[in-house]
Structure formats: C-alpha cells, structure tokens
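Note sheet for the following structure.
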Amino acid sequence: RYNIPIGLHANLSEGSPVCEGLKTNSSLLNQDGFFHGKMGFRTALSKGLLNMSEVKQELKAQVELFRELTGHLPPHMDGHQHVHVLPEVRHVFAEVLEEYGIRYTRVPIEPGLHNCGWIPPSLMDFYRGVEEDSFNTVDVFTSHGIRWPDVYIGLSTMGKNMSVGNIRSAIDSALTSTAPSAQSRTVTIELMVHPGYPSVPPVGGCGEGPDDFSQSWERLHELQTLIKPELQSYYKTRNIQLCSFKDL
C-alpha cells in the first residue's frame, strides 16, 4: 500500500514450512508438525538431525513466494532468529542468495554489545553465540559475493531496551569503533527494529499463533520510540540519512 521497500526475513524456526513437500515427514519439523523453535532448531542442528537439502528447498520456496507476492526478488535477505549464520545453514543460505542474485544480507556483530549491562546474562549468552556464529560466517558470505552494511545494531536496543538514548549511544559507539579508513567515506549502519502492535491470539504467528514477543507491549514501545522527534533530530545532527538496502 505504501511502497515500503522490503526484504525477506527467511524463517526456519517458527511455525510451518512454505514448501508443500516439507509439511510432513521433514527433518525441519518437530513431533507436532511445526518448526523446531529458536533453540530447538539449534539443538537439532548440533545433533546432525537436519537435512541441509531440505533447508535449501525451504529457503528457495520462500524466495519464490516472495517473488510471487511482490513481483520482484528481495534486494536483501536474512534469517529469523539469526538462523542464517548457523553452521552448515550459512553455506546453504549463501548458495541460495548467490543463485538468485540477492546481494545483501545481515551479519549480526554489534560493536559494544559486551558493555551493555542491562542485558540479562541468559540473553547475553545467546547473543554471544550469535556473534561467534557471525564471525565464522564472514568468509562464507564473502566467498559468495554477498555484502552487508558496515555496522549492525539492534541486540542492545531491542524491545524494552529501546530508547532514544540507547540508540544514540549504540550509533555513536559504532561510529567511533569503525576503522579510520571508513571515516572518510559514507558508513552504512543497519538498525534492527521490531515496530508494530501486540498480536492477540489466535491471530498472528506462522501457524502456531503469535510468540511471546509478538504479544508483548514491546512492539508498540519500539514503534513509539522510533517516531520520536528527538530521534529524528539526532539523525539530522549526525548527518544520518535513512535509506533501504536497495539504495546501497
């Protein structure tokens, strides 16, 4: 309706497959017939229980559905709950992007993340795992000609932790940490956000109904924070231009 440029947030962990051939008797499904979940997917992967040919089949089905719905391929593509940087999956994901000529993705390595004392230890452990997987993914994506923004921000500013101050601090910290060679050129930053309205069951989700985060007030909190005039003023002060991946 509003011609907002969109990419594909590939999903292998929540709800049901898009590919008809994988809706039954697939390694991607649990005993209830749904994807394994954020941690369940990782557990199944670590045990060698996931068929990578099925992962590739599902990713391609999602790209094809995106093209059917929008009339074009996604200019960028990443993974729900960061599954696209996991071992084995990263190789299949890169092959699919190269095959379709999708040039951009997300590599969730956030500068200054370890200094964010407001993040609970259990969540920080998960973020550290995402970071390690991301470092190990860089060479894979590079070898397939895939690119990503210079800086990623979002883990430290997600949900209830989103505030104008936290966004400003994250951006300032990221710009300070960029290589000196980057100071003389335009620096690209991806800010991961989840603005929206709380889902009311049974509506929402990918087949099982909405998850806890989708039902929480945090979606609306992010939306309200992102449209605050003081955040827009900060962008202007720092000469930050909002753009989409297709502008890169």
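Every heavy atom of this structure was used, including side-chain atoms; hydrogens, water molecules and symmetry mates were not.
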- Query: Tell me, do Phe34 and Leu29 make a side-chain contact under 4.5 Å, heavy atoms counted?
  - Reply: no
- Check whether any side-chain heavy atom of Pro201 sits under 4.5 Å from a side-chain heavy atom of Pro210, and report yes or no. yes
- Message: Testing the basics here: between His9 and Gln81, what is the closest heavy-atom pair and its distance to 0.1 Å?
- Response: NE2-N, 4.4 Å
- Message: I'd like to know if the side chain of Glu222 and the backbone of Gly159 have a donor-acceptor N/O pair within less than 3.5 Å.
- Response: yes
- Query: Quick check: are there more than 12 heavy atoms from other residues, nucleotides or ligands sitting under 6.0 Å from CD of Glu99?
  - Reply: yes
- Message: With heavy-atom distances below 4.5 Å as the criterion, would you say the side chains of Phe245 and Arg103 are in contact?
- Response: no
- Hey, is Asp211 close enough to Lys38 for a salt bridge, meaning N to O under 4.0 Å? no
- Item | Close side-chain approach of Phe135 to Ile109, heavy-atom, < 4.5 Å | yes
- Message: Rounded to the nearest 0.5 Å, what separates atom CZ in Arg168 from atom OG1 in Thr157?
- Response: 14.5 Å
- Task: Would you confirm whether Glu98, through its side chain, and Ile146, through its main-chain N or O, come within 3.5 Å as a donor-acceptor pair?
- Result: no
- Message: Using modelled atom types and a 3.5 Å cut-off, is there a donor and acceptor pairing between side-chain atoms of His76 and backbone atoms of Tyr104?
- Response: no
- Distance-only, no hydrogens or angles: does the Ser46 side chain make a donor-acceptor pair with backbone N or O of Thr43 under 3.5 Å? yes
- Query: How many angstroms lie between atom CD of Glu88 and atom CE of Met52, to the nearest 0.5 angstrom?
  - Reply: 4.5 Å
- Item | Closest approach of Ser156 to Ile119 (non-hydrogen atoms, all atoms of both residues) | CA-CD1, 4.0 Å
- Item | In one Ile/Leu/Val/Met/Phe/Trp/Tyr side-chain cluster, 4.5 Å: Val92, Val63 | yes
- Item | Spacing of CG belonging to Leu45 relative to OG belonging to Ser13, to within rounding of 0.5 Å | 12.0 Å
- Message: What I'd like to find out is whether the side chain of Met124 reaches to under 4.5 Å of the side chain of Leu113, using heavy atoms alone.
- Response: yes
- Which atom of Tyr100 lies closest to which atom of Leu73, heavy atoms considered: O-CD1, 3.4 Å
- Query: How far does CD1 of Ile171 sit from OG1 of Thr176, to the nearest 0.5 angstrom?
  - Reply: 11.5 Å
- Answer yes or no: are there more than 12 heavy-atom neighbours, outside Tyr197 itself, under 6.0 Å from its atom OH? no
- Sidechain-backbone polar pair: Thr188 side chain, Asp150 backbone, donor-acceptor under 3.5 Å: yes
- Report yes or no: does Glu218 contribute a side-chain atom to a donor-acceptor pair with the main-chain N or O of Lys160 at less than 3.5 Å? yes
- Query: Do Val83 and Met158 share a hydrophobic cluster (ILVMFWY, side-chain heavy atoms under 4.5 Å, transitive)?
  - Reply: no
- Message: Atom CG of residue position Asp247 - does it have more than 12 heavy atoms of other residues, nucleotides or ligands inside 6.0 Å?
- Response: yes
- Do Leu223 and Leu220 come within less than 4.5 Å of each other through their side chains, counting heavy atoms only? yes
- Task: Quick one: closest heavy-atom pair of Thr137 and Arg90, and the distance?
- Result: OG1-NE, 2.8 Å
- Audit row: Met77, Leu59, side-chain contact (heavy atoms from CB on, under 4.5 Å) steps and yes/no: CA-CA 10 Å; Met77 177 173 165; Leu59 289 174; 4.1 Å; yes
- Query: Between Glu14 and His80, which heavy-atom pair has the shortest distance, and what is it?
  - Reply: OE1-NE2, 2.8 Å
- Leu155 reachable from Leu123 in the ILVMFWY side-chain graph, under 4.5 Å edges: yes
- Message: Has Ser27 got a side-chain atom pairing as donor or acceptor with Asn51's backbone, closer than 3.5 angstrom?
- Response: yes
- Message: Nearest 0.5 angstrom please: Leu97 CG to His144 NE2, how far?
- Response: 10.0 Å
- Task: Following the transitive rule for hydrophobic clusters with a side-chain heavy-atom cut-off under 4.5 Å over Ile, Leu, Val, Met, Phe, Trp and Tyr, establish whether Val193 and Tyr235 coincide in one cluster.
- Result: yes
- Task: Is it possible for you to say whether Ile240 and Leu226 belong to one hydrophobic cluster, with membership spreading through side-chain heavy-atom contacts below 4.5 Å?
- Result: yes
- Message: Could you measure the distance from the CH2 atom of Trp148 to the CZ atom of Arg106? Nearest 0.5 Å is fine.
- Response: 14.0 Å
- Query: With no hydrogens and no angle check, is any side-chain donor or acceptor of Asp125 less than 3.5 Å from a backbone partner on Ser122?
  - Reply: no
- Closest non-hydrogen atom pair, Ile6 against Thr70: CD1-CG2, 4.1 Å
- Task: Taking Asn166 for its side chain and Asn161 for its backbone only, find out whether a donor-acceptor pair lies under 3.5 Å.
- Result: yes
- Flag the pair Arg238 / Asp172 as yes when at least one side-chain heavy-atom distance between them is below 4.5 Å, and no otherwise. yes
- Message: Is the shortest side-chain heavy-atom distance between His82 and Asp133 below 4.5 Å?
- Response: no
- In terms of heavy-atom contacts, does CG of Asp32 have more than 12 from other residues, nucleotides or ligands at under 6.0 Å? yes
- Query: Is Glu110 reaching over with its side chain to a backbone N or O of Gly154, donor-acceptor style, under 3.5 angstrom?
  - Reply: yes
- Task: Could you label the plane-to-plane angle of the Phe141 and Phe93 rings as parallel, tilted or perpendicular, counting under 30° as parallel and over 60° as perpendicular?
- Result: tilted
- Item | Flag if over 12 foreign heavy atoms under 6.0 Å of CD, Gln241 | no
- Query: Is there a ring pair (Phe, Tyr, Trp, His ring centres under 6.0 Å) between Tyr127 and His114 once you walk through the steps?
  - Reply: CA-CA 9 Å; Tyr127 289 166; His114 297 189; over 10 Å; no
- Verify side-chain contact (heavy atoms from CB on, under 4.5 Å) between Ile153 and Val151, making sure each step is shown before the conclusion. CA-CA 7 Å; Ile153 295 170; Val151 177; 4.1 Å; yes
- Query: Is it true that the NZ or CZ of Lys228 lies under 6.0 Å from the centre of Tyr234's six-membered ring and within 45 degrees of the ring axis?
  - Reply: no
- Task: Check the side chains of Gln215 and Ser199 for a donor-acceptor pair under 3.5 angstrom, ignoring hydrogens and angles.
- Result: no
- Message: One thing to verify: whether Arg128 and Glu131 come together as a salt bridge, which I'm taking to mean a side-chain N less than 4.0 angstrom from a carboxylate O.
- Response: no
